[in-house]
Amino acid sequence: MKPAPLCLLLLAAGGSVFAAAPALTIYNQNFAVVRERIPLDLKAGVTSFNFNGVTAQVEPDSVVLRDPEGKRPLSVLEQSYRAETLSQGLLLSLNEGKTITFLVRDQEGREHPVQGKVIRSGHNPAGGNETPVIQVDGQVRFSLPGEPVFPSLADDAVLKPTLSWQLRSEAAAKFEAELGYLSGGFDWEASYNLVSPEKGDSLEITGWVTINNNSGATFTEAAIKLMAGDVNKVQPSRPMGGVMMAKAMAFDSAAAPVTEKAFDEFHLYALPRPVTLRNRETKQVEFIRASGVKCETIYLYDGAEVAGYQHTDANYLRTNNSYGTQGNRKITVMREFKNSRENNLGLALPKGRVRFYRQDDADKRIEFTGENNLDHTAQGELVRLQTGQSFDLVGERKRTAFAASNRNEQMDETFEIKLRNRKKEAVEIRVVEHLYRGLNWSVTEKSQEFAKTDAQTIEFRVTVQPDEEKLVTYKAHYDWK
């Protein structure tokens, strides 16, 4: 059996053994479920065991130690978690008030012992350090006079975060127990790279999962699953330990596809082969590759500049005549595709960043054309993402007429939208207009047909030829009686 990287020290009759390969289920909310198989050698009665392979961010009260086969009753009488590992600061704190030896090196590298009394170690278990205070030859100094030399370690010295148990068993037994617990310091996210030709809207899609391990432990040849979805997790009252540092980046291209299935109210992804995940490492694994995905480019002109189309004060919307009359000229570019098997996709897509590229036919190189964030998207759903604003399409919007009754019980507004196309090909522009003054509205005049997309939004679809300007007009009538 291949030993795991985390040294499993089981103190049973003076023996020590190693754990089997671990398994992780990582959530994209900075935690994971860690599972280890640990061989137990129980005697009849009470047996003491220590396990020093846990992460530095384990939630001790989440620990489950059990026989996975359910054949052997196992009673945990007591569990202790020791997180403060051996360090110079800790040993200085244990020797406060005592005189110890410090080694001082001269210019020739020779060591000379100096006796010093530790007045204050400077060690703070809660984090941070104070200046140590050492008394040497009756004088106090706010620094260490040299390298401290400590007495021999006690038998209970902790070199790594350690779980200790007092276990009761009715009879002696040897078996592999499962240790499971929740730990902070893990995270993962998806990212997608979409490449299309210079002309046309067919996509090649590559999806990656990026896994971050800042748990304080390394896992070798671990079976890894990734849980996608918004799982409710009570946040700790204070931040977990652990230091975020610059991470090494590793890439791992899967030889077999990642498998996915619905699990409870979420989606679970299993990596196809074991992965070594080192502490403070970021690792990427390809989890989706698809080609021939049909993607439509949509041009959207939402010309009204208003602070949210539903103002909280209904009277304001009736009396403020200038509200919603300011406009912009930008036409938004959207990319839209269906996440379906018929469209060569159909895998539940976890949330993540989506980057769009187009290949330049002149040199066959790809150029970046925009990005956005994708939310969790089920199989069969439509993906629509904004990638930028068009350079060659221009919109203008203005109000051309306004009339209101004396008591502001009725109101009429007329708008004019101009669309210009400076491209070399015809495009369809979707003009979105918001009937923001109230729910009781009607369009009494219009230059062309529109679709009502919700209670206060209409949409005109306008085809504009190269170097053409198209005009869209409509009159909205509001009635508050």
Side-chain angles (χ1 to χ4, degrees), residues 5-7 9 11 30-31 50-61 78-164 181-187 212-218 235-249 278-282:
L6 296 176
C7 191
L9 182 60
L11 301 179
N30 197 37
F31 75 97
N50 294 330
F51 175 59
N52 69 350
V54 294
T55 69
Q57 299 193 47
V58 58
E59 297 182 19
D61 56 354
E78 181 182 304
Q79 174 182 287
S80 301
Y81 172 60
R82 298 182 62 183
E84 189 172 23
T85 57
L86 197 66
S87 65
Q88 177 179 286
L90 176 60
L91 289 179
L92 283 171
S93 70
L94 295 175
N95 285 276
E96 285 185 349
K98 300 177 183 179
T99 298
I100 62 173
T101 299
F102 294 86
L103 294 180
V104 180
R105 292 179 176 83
D106 60 23
Q107 294 181 348
E108 297 179 358
R110 292 175 295 189
E111 294 181 341
H112 304 277
V114 173
Q115 300 300 306
K117 183 177 182 180
V118 182
I119 307 299
R120 185 178 71 191
S121 68
H123 177 65
N124 182 2
N129 290 293
E130 297 178 299
T131 303
V133 179
I134 310 296
Q135 182 178 314
V136 179
D137 295 333
Q139 295 181 324
V140 174
R141 55 193 300 171
F142 286 85
S143 63
L144 299 181
E147 182 181 342
V149 179
F150 301 102
S152 299
L153 295 177
D155 292 338
D156 62 349
V158 176
L159 298 177
K160 295 181 179 180
T162 299
L163 283 170
S164 300
Y181 59 89
L182 295 181
S183 172
F186 294 94
D187 203 0
N212 299 298
N213 177 15
N214 289 285
S215 68
T218 293
Q235 297 301 314
S237 56
R238 58 187 178 87
M240 290 285 191
V243 180
M244 294 294 292
M245 297 188 65
K247 312 175 191 70
M249 182 72 77
R278 299 172 182 84
N279 184 40
R280 295 176 182 172
E281 180 181 48
T282 294

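Throughout, numbering of the chain's residues begins at 1 and tracks the sequence.
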query: Do any N or O atoms from the side chain of Glu147 and from the backbone of Leu103 form a donor-acceptor pair under 3.5 angstrom?
result: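 Between the backbone of Leu103 and the side chain of Glu147 there is no qualifying donor-acceptor contact (under 3.5 Å).
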statement: Rounding to 0.5 Å, atoms CD1 (Ile100) and NZ (Lys117) come to a distance of 12.5 Å
query: Could you give the distance from CG (Asn212) to CZ (Arg280), rounded to the nearest 0.5 Å?
result: 13.5 Å
Hey, are the side chains of [X] and [Y] touching, using non-hydrogen atoms and a 4.5 Å cut-off?
| X | Y | value |
| --- | --- | --- |
| Thr101 | Val114 | no |
| Gln79 | Leu163 | yes |
| Gln135 | Thr99 | no |
| Phe186 | Asn30 | no |

Taking all atoms of both residues into account, what is the closest heavy-atom pair of [X] and [Y], and its distance?
| X | Y | result |
| --- | --- | --- |
| Phe102 | Pro145 | CG-CG, 3.6 Å |
| Asn95 | Val118 | O-CB, 3.6 Å |
| His112 | Arg110 | CD2-O, 3.6 Å |
| Val54 | Ala217 | O-CB, 4.4 Å |
| Ser80 | Glu78 | OG-OE2, 3.9 Å |
| Ser143 | Ile134 | O-CG1, 3.6 Å |

message: Can you see whether Ser215 engages Thr55 through a side-chain donor-acceptor pair at a distance of less than 3.5 angstrom?
response: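 No pair is found: no donor N or O on one side chain lies under 3.5 Å from an acceptor on the other.
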query: Got more than 12 heavy atoms from elsewhere within 6.0 Å of CG, Asp137?
result: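 Open.
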task: Using the side-chain hydrogen bond (donor to acceptor under 3.5 Å, both in side chains) rule, take Asn279 and Thr218 through it: C-alpha gap first, then chi angles, then the decisive distance, then the call.
output: CA-CA 5 Å; Asn279 184 40; Thr218 293; 5.8 Å; no
